[in-house]
Each structure stands twice: as structure tokens, then as C-alpha cells.
Amino acid sequence: MFFAVLTISDRCSRGLMTDTAGPAVISRLKEQWPDVKIHGRLLMDDEEAIVAALKELCMGGADLVLTVGGTGLGPRDCTPEATRKVIEREAPGLAEAMRAKGAEGNPYAWLSRGVAGLRGKTLIVNLPGSRRGAEESWIAIAALVRHGLEVARGGQNHL
């Protein structure tokens, strides 16, 4: 298996801020899948660049691609739009679960526009850009993603 975490942030990609959310998510993934290769990368809030990176990772055989950031209401937040251009089938329950869990401690979680879906057998999920939001969102969906990856690969029947 092969996973990727793409941090989408103008400030981090320019070196104006340190990316803490992406590495935190990679750390969480390694806890669950210690033997999986995990690729991390920083990208600007640029829709075309995000689309290109997502397609490249899907064609390269990634099983899971988590994006971190670019899901808010800011004028440059375009991760959901880029993701929708790439996915073939949505998995809206993942985004709903993240928002519901996040809103338990932060009502602003409802403003996240993140989406999730499949391109072929690659599952793509948009996480929020803050470390706390990204980690809480991942925790909220980790078991669902594990099962979803198995089903997407055809390796397990539905529960």
C-alpha cells in the first residue's frame, strides 16, 4: 500500500509558516499502518496544481490521498473544487462525519467544505488545515477509511 498527504497552503509552501498539520497526519497514519509508505508534499492553494498532484498520485497507485488545508471559505481555498474535478464517485459520509465530530468541540467545523471520494481505487479525503482540525478529523474517520480501502480494493465484503 502507498499513501500520500498533501498540505495545501500558500503560507507554508512559501516558508512563511511551518506545516504542523501535514506531519501530524502522517504521524497518525504511521501509528495505524507502520509498514505503509507515506509520501508528504506541500502545495500552493492553486486548483490546477492540486488537480495535477491528485491525478499523478492516483495514476501512481496511491491507495489513500489525504489533503490538509484549503477547505475553508477563504478566497484562495480551492481544495474541494480541485478534488471534485478528480474524483469519479463521492463518499459524502466521510466529510459529514468529520464535520459532525469537529463541531462537538468547535462550531466553526461546519464551515469546512471538504469532500471525499474515489478515483479508481484511490480514496481521496480533504482534511481541514489546522493541526487540531486535521487530527480530529482523521480520528473521526480512521476506522471508516480502513474499511473503505478494503472495500475499494475488492478485498472485503460489506459489513
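Just so we're clear, the structure is a prediction, and the values are computed from it rather than from any experiment.
Hydrophobic clustering (ILVMFWY, side-chain heavy atoms < 4.5 Å, transitive): M1 and V125 are in one cluster. Both L43 and L57 belong to a single network of hydrophobic side chains, linked directly or stepwise wherever heavy atoms of I, L, V, M, F, W or Y lie under 4.5 Å apart. Tracing side-chain contacts under 4.5 Å through hydrophobic residues (I, L, V, M, F, W, Y), one reaches L149 starting from L29; they form part of the same cluster. Hydrophobic clustering of Ile, Leu, Val, Met, Phe, Trp and Tyr side chains at less than 4.5 Å, counting indirect connections, unites L118 with L144. V65 and L123 are assigned to two separate hydrophobic clusters, defined by single-linkage of ILVMFWY side chains at heavy-atom distances under 4.5 Å.
Around CD of E88, the count of heavy atoms belonging to other residues, nucleotides or ligands within 6.0 Å exceeds 12.
In plain terms, the two heavy atoms of V68 and A134 that are nearest each other are CG1-CB, 4.1 Å. The two residues A100 and W110 come nearest to each other via the heavy atoms CA-CH2, 3.8 Å. Listed here is the closest heavy atom pair of P128 and S137: CD-OG, 3.3 Å. Closest approach of D45 and R76 over heavy atoms only: O-NH2, 2.7 Å.
Atom CD of E31 sits about 12.5 Å away from atom CD1 of I26, to the nearest 0.5 Å. With rounding to the nearest 0.5 Å, the separation of CD1 in I124 from CG in L64 is 9.5 Å. Separating the OG1 atom in T71 from the CG atom in D77 is a distance of 6.5 Å, to the nearest 0.5 Å. Distance CG/L54 to CD1/I87: 10.0 Å, rounded to 0.5 Å.
The salt bridge (charged side-chain N to carboxylate O under 4.0 Å, His left out) check on R113 picks up E81, with sequence neighbours excluded. By the salt bridge (charged side-chain N to carboxylate O under 4.0 Å, His left out) test, E135 pairs with R28, R131, sequence neighbours left out. K101 meets the salt bridge (charged side-chain N to carboxylate O under 4.0 Å, His left out) test with E104; sequence neighbours excluded.
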Side chains of residues 32-41: which donor-acceptor partners sit under 3.5 Å, not counting sequence neighbours?
from, atom 1, to, atom 2, distance (Å)
Q32, OE1, W138, NE1, 3.2

Would you list the atom pairs, donor with acceptor, under 3.5 Å between side chains in residues 2-9 and any protein atom, with sequence neighbours excluded?
from, atom 1, to, atom 2, distance (Å)
T7, OG1, D19, OD2, 2.7
S9, OG, R11, N, 3.4
S9, OG, C12, N, 3.0

Which donor-acceptor pairs under 3.5 Å do side chains of residues 89-99 form with protein atoms, sequence neighbours excluded?
from, atom 1, to, atom 2, distance (Å)
R99, NH1, S112, O, 3.0
R99, NH1, G114, O, 3.0

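Exactly one of V51, I50, T83 qualifies for a side chain to side chain contact (heavy atoms under 4.5 Å, CB included) with C78. That residue is I50.
At least one side-chain heavy atom of K55 sits under 4.5 Å from a side-chain heavy atom of R119.
For the 3.5 Å distance criterion, the side chains of N126 and T79 fail to qualify, holding no donor opposite an acceptor.
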